[in-house]
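In what follows, chains are A, B, ... by sequence order, proteins preceding strands, each numbered from 1. Any value given below was found using the heavy atoms of this structure, including those in side chains, with hydrogens, waters and symmetry copies removed. Remember, predicted model here, so these are calculated numbers, not experimental data.
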Protein chains: 2
Amino acid sequence: MGARPSRPTRPSIREQVQRMREEAIVTAVNRLLATKGYDAMTVDEVAAESGMAKASLYKLFASKEELAGAAMVAVLDRALAFVDALRARAETAAAAGTPVSARAQLEAVTRWAMQTQLEGEMPSLPAHNSSLSASLQSNDDYMDRLLSLSNRLSIWITEAQTRGQLQAAFPPEMVLYTLFARACDPVVALLKDSGQYTHAQIIDWVMASTFQGLGAATAR
Amino acid sequence: MGARPSRPTRPSIREQVQRMREEAIVTAVNRLLATKGYDAMTVDEVAAESGMAKASLYKLFASKEELAGAAMVAVLDRALAFVDALRARAETAAAAGTPVSARAQLEAVTRWAMQTQLEGEMPSLPAHNSSLSASLQSNDDYMDRLLSLSNRLSIWITEAQTRGQLQAAFPPEMVLYTLFARACDPVVALLKDSGQYTHAQIIDWVMASTFQGLGAATAR
DNA sequence: GTCTATAGCTGGATAGAC
DNA sequence: GTCTATCCAGCTATAGAC
């Protein structure tokens, strides 16, 4: 409507404001999903926390499920950025003659995921919600990022397995699930809620349990 | 009303019928909690699945939260029965000169929990539902059993740690949480849903990952 | 004691003023 | 584009007939 052919699309003030509002909403959803979970989160809370009316919020996101999707996309983007930074660092390290092992990369990502959870910034969705998971699986933005992340981690997993850094008897798929599961590990949450331990301590313990197991080293 | 002082309380037919109805309800709740989770479960479904009207159901259980509590009590009772059977078996084995290690007992319980999950009989509650968890924590039947189970497992955990069968650097509390977490492990659920593996295979893998870790044996 | 019918409420989603 | 003021579905819980 009212097309002005030669005017290049430059971000108008209004568009920038919308962008900021969207970010505020996604941040609020992220926090609420991390603290209360999807079912307990109400759209009214999201509107209140992001400082706008619910109706305005629904102009930007068509449904509560889409809100959850946007938060998941955001956290996957952060994970992908972290992974890409790791890859870049590994490349320069390899060029300098001090290569980084695939296992070390996987450990770094796992630490990042637990750190994010401990800081209350890891959104968690219910495992069993058919409506929500159907919505996510038909969300291309979400699925693209999930597959990208899975692919990059799978490369490291198979490399670590062939180099003897990870138990090769496990299907790579299972290793991937196990690492993903650390992002919403109830053990981390319970240790945190007990209030007795530092974040660093919790991460070290769960890392050890994940990669070396609960068994004593001597019992091998 | 109409008290007949000398008549001893013997279970009337009606009371037995009520008992069976209660059991049917708890079984239905258990199945629904295992498949759909607490929030997605409706009381109408429970009534339909246990073959009675909702109003009659509410005569036996005062609220949806109480239904969940009853299902949790039932599964904890099954767990306690399993643990007691293990203890009895260990006692006779010890008397026969072939003692069972604490670690072996813990492994057996963990296998039982995963088996129960794989069979769709492990009720799962939302981690973050303040109303429900408050209700559970003020449910004496539930708390008694939870504490009993925790105490019995904790005895095995500290024994296994002092005997070098489990990593002693972990707080016993953390080991306990880690074993409990296997009962609702998303890795188990995902591997099951993939449909590619047998239950025995899944259990073996997750057991190995839990006790020996993801790392290769040579990488120790 | 069991069921039908419904009250009461919560929360997702929207219409319409401005 | 934003907000106020709803609408309406779905759920827990209960009243009242039989």
Side-chain angles (χ1 to χ4, degrees), chain A residues 1-2 11-26 28-29 32-33 35-71 125-126 128-136 139, chain B residues 1-2 11-25 28-29 32-33 36-71 125-126 128-136 139:
Chain A
M1 53 178 82
S12 70
I13 298 289
R14 180 155 291 157
E15 277 164 354
Q16 288 189 351
V17 166
Q18 270 215 1
R19 264 289 153 106
M20 286 188 53
R21 295 215 131 183
E22 282 185 26
E23 277 175 29
I25 294 169
V26 170
V29 172
L32 287 167
L33 284 182
T35 55
K36 319 184 66 169
Y38 179 78
D39 290 301
M41 177 185 87
T42 69
V43 178
D44 291 86
E45 285 173 326
V46 177
E49 191 142 336
S50 53
M52 65 191 306
K54 186 160 62 163
S56 311
L57 191 154
Y58 268 101
K59 297 271 181 187
L60 299 173
F61 297 90
S63 66
K64 183 184 178 183
E65 288 168 356
E66 218 169 85
L67 285 173
L125 303 182
H128 296 301
N129 184 330
S130 52
S131 165
L132 176 59
S133 49
S135 159
L136 280 178
N139 180 336
Chain B
M1 52 184 83
S12 70
I13 297 290
R14 181 154 290 159
E15 277 165 353
Q16 287 189 351
V17 167
Q18 270 214 1
R19 265 291 153 102
M20 285 188 55
R21 294 216 132 182
E22 283 185 27
E23 277 176 29
I25 294 169
V29 172
L32 287 167
L33 284 182
K36 319 184 64 169
Y38 180 78
D39 291 299
M41 176 184 87
T42 69
V43 179
D44 290 86
E45 285 173 325
V46 177
E49 190 142 337
S50 53
M52 66 190 306
K54 185 161 60 164
S56 312
L57 190 156
Y58 268 103
K59 299 267 182 191
L60 298 173
F61 297 90
S63 67
K64 182 183 178 182
E65 288 169 356
E66 219 170 86
L67 286 174
L125 304 181
H128 297 301
N129 183 329
S130 52
S131 165
L132 176 58
S133 50
S135 159
L136 280 177
N139 180 336

Output the rounded distance in Å from [atom1] ([X]) to [atom2] ([N]).
X: Lys36(B); N: dG10(D); atom1: NZ; atom2: P; answer: 13 Å
X: Glu45(A); N: dA13(C); atom1: CD; atom2: P; answer: 15 Å
X: Asn129(A); N: dG12(C); atom1: CG; atom2: P; answer: 12 Å
X: Asp44(B); N: dG10(D); atom1: CG; atom2: C1'; answer: 9 Å
X: Leu132(A); N: dG12(C); atom1: CG; atom2: C1'; answer: 14 Å

For dT2(C), does either OP1 or OP2 sit under 4.0 Å from a side-chain N or O belonging to Arg21(B)?
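Yes, within the criterion.
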Please collect all salt bridge (Lys or Arg N to Asp or Glu O under 4.0 Å) contacts where either partner lies in residues 47-62 of chain B, sequence neighbours excluded, each pair once.
Arg31(B)-Glu49(B), Asp44(B)-Lys54(B)
State the [atom1]-[atom2] distance between [X] and [Y], to the nearest 0.5 angstrom.
X: Ser50(A); Y: Glu23(A); atom1: OG; atom2: CD; answer: 12.5 Å
X: Met20(A); Y: Ile25(A); atom1: CE; atom2: CD1; answer: 12.0 Å
X: Leu33(B); Y: His128(A); atom1: CG; atom2: NE2; answer: 10.5 Å
X: Gln18(A); Y: Glu15(A); atom1: CD; atom2: CD; answer: 7.5 Å
X: Asn139(A); Y: Glu66(A); atom1: CG; atom2: CD; answer: 7.5 Å

In the structure I gave you, are the side-chain heavy atoms of Asp39(A) and Pro126(B) within less than 4.5 Å of one another anywhere?
no
Please give me every residue in residues 55-67 of chain A whose heavy atoms get under 4.0 Å of an atom in DNA chain C, ordered by residue number.
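Ala55(A), Tyr58(A), Ser63(A), Lys64(A), in order of number.
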Taking all atoms of both residues into account, what is the closest heavy-atom pair of Glu45(B) and Ala40(B), and its distance?
OE1-O, 3.7 Å
For DNA chain D, determine which residues of residues 46-54 of chain A have any heavy atom closer than 4.0 angstrom to one of its atoms, and list them numerically.
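Within this stretch, Met52(A), Ala53(A) sit under 4.0 Å of the strand.
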